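Count residues from 1 along the sequence. These values consider heavy atoms only, across backbone and side chains, with no hydrogens, waters or symmetry-generated copies. Bear in mind that the values here come from a model prediction, so they are computed numbers and not experimental data.
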Amino acid sequence: MKGNSGNLLEPNYIEEGNKKILTTTGAFGLLRKGIIENLGLKRSKGFLLRYGWSLGVSNAEEAMLTSTSIEYLINQAAVLHLSTGHIGDVQSERFIEWVDSENIKTISGKGKWMNSFEAQEHLKHHGKSDMPVCHILTGYASGYMSTICKKSLIVKEISCVAKGDPECCFEMKLQEDWGLEIQEELKFYHEINIIEELEYTYEQLLEQRNYIDKVSKFHKKLTESISNGSNLQDIADSTFGLLKIPISIEDLSFQKIVYAGMEEDEYSRLSKELKESLIRKNRKNNKPLPLFKETTRLKTENQERLITPIIVQKKVIGYCTFLYLKETENSSENNIMFIERVANAASLYLLNEKTSFEALEKMKGYFLEQILKGQYSSREEIINRGRYMGVDLETPFYIAAIDYKENGKTAKDSNDYEQILESMAKYLDIQGYKALIGQYEGKIIMLIPELSNILPNMERVLKHIETTHSFYNYKIGISDKAEEIEHVLEHLDESLISLRMSTEKKIIHFKDLGIVGILINSKNVSGIKKIAKQELGPLYKLGEGKQKELLKTLYVFLSNGGKLQQTMDDLSLSMSGLMYRINKIENLINKDLRDSSQSYQLLLILDSLLALGELEI
């Protein structure tokens, strides 16, 4: 037909039925891209499958107008699919069992699509996929074959170029032959009413908005609570009051700091169960408990916990925990934002406390170091400054010297010193003990007021630092009771002497040194050295290694009262090896070690040298 110009053909418009629209793969690729970006991969898959299904049904119905032969129509499937322009070619094979010439009993097939436009467009706009993407092709084949066979036939893509496979391959089976394998795929073919979907989306958005609003108000209340001077117990109580979820704030060993929302017996039972479970699971790592650096769910037989770390200055120092009992509804998934805000509030509080505490402890440490260096002009000035620090220096006190060594090494990490000092100070503060802690000549020094009740509990202090900083070995020397602060250096010497004498015991008091303490305290150092040189002179002339070996053997033998078996065990020597050394010592110093008077004098000399730091055992 000629148009008005005489040269153009007027298009034929179909007034009724489906109209066919021509487009390019590039244009459809952009449309497909927009669908995926707006609906997401999952929902766009359902949309594209249903689009392909509708196209396949339409082509099947059109083909059935020209022929009713199912075999013919099946053979036309590839021709019609190629005509859509969706693929460059297709190869397939089918397995059909007929009831008669017009009815199919069973059918299955497999094949591959070449040059799938969907795979190419997906790679161009979205990059590599982690699942097959030829949804229109799959829907088309399923719709076409289901229509002409009058049975529900489902085609499934099993490999795809868009996900890195060499070819786009598919399989076809009757729906009932797929079994459970196809159930998830079938959901994509069920069209959801757009109004219902919009309503569902609106409800989700409304629920999410309400949730965010609740979290925001919760966060505001916590922040106001911190600003108003609330402590950790107030934070826990406030959180439980708002959320009705039992909560605890614990240290890295899951030891209680505060909790709210349950009875103490129940809390203790659940904490014990949790720690036992973690220890069992972590036994292979040779560590008692794991360190959690992000929000984590933990389950045991009777509870579920949602825990999140409390981080201060980039370091995990404890945990906030929501506890869910088995009989209660588990909603930990929705409470992550709440628990993380509780942890933030706890971090702010603890950072403030840590800053104030560290400032005060540094002042105390500096004050003690000034006392030890004699930088105050009068006793009154020291006592007045002590009152400012919260320590009464008018009353009797003791000096404790603490040494720490890593596997026999003498070098110490300054960062470790700060951490040990901080750990000790916090422990004393929690226990309500008053003391001054500082550093002197590589040792940690404590000035302990008698009224502070620390001295009877020094073993607990030692156990605490051994637990929190287990990579060091610790020893403590404690002075006699001091009455006057101006004589502090004398008592510092006593604590250092006691420290050097702590060869077997981890804690030794100066008063337990007996006559050795009196000798050293008398300042008769030159006389002790002179006697030692006279009595042990030949041993000093040996090489350093041999000298140390024989002096240690002599000291252990005398300390054990001349008991050979005990000395063998302590030195890990054979009887012949021990006897050889004893005989050599006796010959060198011309002494009979079995003579009680001579052995006592020698042990006294060795103890004195040990106390002076002239000898190491």
Sequence neighbours excluded and cut-off under 3.5 Å, please list the side-chain donor-acceptor pairs for residues 337-347, or say none.
| from | atom 1 | to | atom 2 | distance (Å) |
| --- | --- | --- | --- | --- |
| Glu340 | OE2 | Thr295 | OG1 | 2.7 |
| Arg341 | NH1 | Met337 | O | 3.1 |
| Asn344 | ND2 | Glu340 | O | 3.4 |
| Ser347 | OG | Ile311 | N | 3.3 |
| Ser347 | OG | Ile311 | O | 3.2 |
| Ser347 | OG | Ala343 | O | 2.8 |

Subject >> Trace of the salt bridge (Lys or Arg N to Asp or Glu O under 4.0 Å) decision for Lys124 with Glu121 >> reply: CA-CA 5 Å; Lys124 180 166 63 175; Glu121 292 298 318; 3.4 Å; yes
Subject >> Verdict with supporting geometry, Glu37 and Lys33, salt bridge (Lys or Arg N to Asp or Glu O under 4.0 Å) >> reply: CA-CA 6 Å; Glu37 288 178 349; Lys33 175 177 179 285; 2.9 Å; yes
**OP:** Mind listing the closest non-hydrogen atom pair of Pro246 and Gly261 along with its distance?
**Re:** CG-O, 3.8 Å
Subject >> Min side-chain heavy-atom separation Glu266-Leu325 under 4.5 Å >> reply: yes
**OP:** Kindly give the heavy-atom pair with the smallest separation between Cys160 and Pro132, and that separation in Å.
**Re:** CB-CA, 3.6 Å
Subject >> Close side-chain approach of Asp265 to Leu270, heavy-atom, < 4.5 Å >> reply: no
Original post:
Is there a donor-acceptor contact under 3.5 Å from the side chain of Ser146 to the main chain of Leu153?
Top reply: yes
Subject >> Check: Tyr140 ring centroid to Trp53 ring centroid under 6.0 Å >> reply: no
**OP:** Give a yes/no verdict on a cation-pi contact between Lys45 and Phe188, requiring under 6.0 Å between NZ or CZ and the six-membered ring centre and an angle within 45° of the axis.
**Re:** yes
**OP:** Sort out for me which residue in Tyr267, Phe322, Phe240 forms a ring-ring contact (aromatic ring centres under 6.0 Å, His included) with Tyr259.
**Re:** Tyr267
**OP:** Can you establish whether the number of heavy atoms outside Phe47 located under 6.0 Å from its atom CZ is more than 12?
**Re:** no
Subject >> Expected output: side-chain Thr467 to main-chain Lys463 donor-acceptor under 3.5 Å >> reply: yes
Original post:
For Arg460, does the CZ atom have more than 12 heavy-atom neighbours from other residues, nucleotides or ligands under 6.0 Å away?
Top reply: no
Original post:
If you look at every heavy atom in Leu73 and Tyr144, which pair is closest and at what distance?
Top reply: O-OH, 2.6 Å
Original post:
Any idea which heavy atoms bring Leu49 and His135 closest together, and the distance?
Top reply: CD2-O, 3.3 Å
Subject >> Glu71, CD atom: more than 12 neighbouring heavy atoms under 6.0 Å >> reply: no
Original post:
Salt-bridged, Glu422 to Lys426, with N to O below 4.0 Å?
Top reply: yes
Original post:
Would the number of heavy atoms belonging to other residues, nucleotides or ligands and lying under 6.0 Å from OH of Tyr72 be above 12?
Top reply: no
Subject >> side-chain contact (heavy atoms from CB on, under 4.5 Å) partners of His464, counting only residues at least two apart >> reply: Ser423, Tyr427, Thr468
Original post:
Between Pro309 and Tyr319, which heavy-atom pair has the shortest distance, and what is it?
Top reply: CA-CD2, 3.9 Å
Subject >> Expected output: side-chain Ser238 to main-chain Ile235 donor-acceptor under 3.5 Å >> reply: no
Original post:
Are any non-hydrogen side-chain atoms of Cys169 and Glu157 less than 4.5 angstrom apart?
Top reply: no
Original post:
Counting only heavy atoms not in Glu264, do more than 12 sit closer than 6.0 Å to its CD atom?
Top reply: no
**OP:** Using side chain to side chain donor-acceptor pair (under 3.5 Å) as the criterion, list what pairs up with Asp100, not counting sequence neighbours.
**Re:** Asn103
Subject >> salt bridge (charged side-chain N to carboxylate O under 4.0 Å, His left out) partners for Glu181, two or more places apart >> reply: Lys156
Subject >> By salt bridge (charged side-chain N to carboxylate O under 4.0 Å, His left out) - contacts of Asp165 (at least two apart) >> reply: Lys163
Original post:
Taking the side chain from Ser253 and the backbone from Gln255, do they hold a donor-acceptor pair closer than 3.5 Å?
Top reply: no
**OP:** Not counting sequence neighbours, which residues clear salt bridge (charged side-chain N to carboxylate O under 4.0 Å, His left out) with Glu118? List them please.
**Re:** Arg32
Subject >> Heavy-atom pair with the smallest gap, counting every atom of Thr239 and Ile247 >> reply: CG2-CD1, 3.8 Å
Original post:
Between Thr296 (side chain) and Ile307 (backbone), is there a donor-acceptor pair under 3.5 Å?
Top reply: no
Original post:
Below 4.0 angstrom, N of the basic side chain to O of the carboxylate: do Lys112 and Glu167 qualify?
Top reply: yes
Original post:
Taking the side chain from Trp178 and the backbone from Ile154, do they hold a donor-acceptor pair closer than 3.5 Å?
Top reply: yes
**OP:** Give me the one residue out of Trp113, Phe117, Tyr51 that meets ring-ring contact (aromatic ring centres under 6.0 Å, His included) with His86.
**Re:** Phe117
Original post:
For the side chain of Ser470 and the backbone of Glu466, is there at least one donor-acceptor N/O pair under 3.5 Å apart?
Top reply: no
Original post:
Between Ser142 and Val155, is there a donor-acceptor pair closer than 3.5 Å when you use the side chain of the first and the backbone of the second?
Top reply: yes
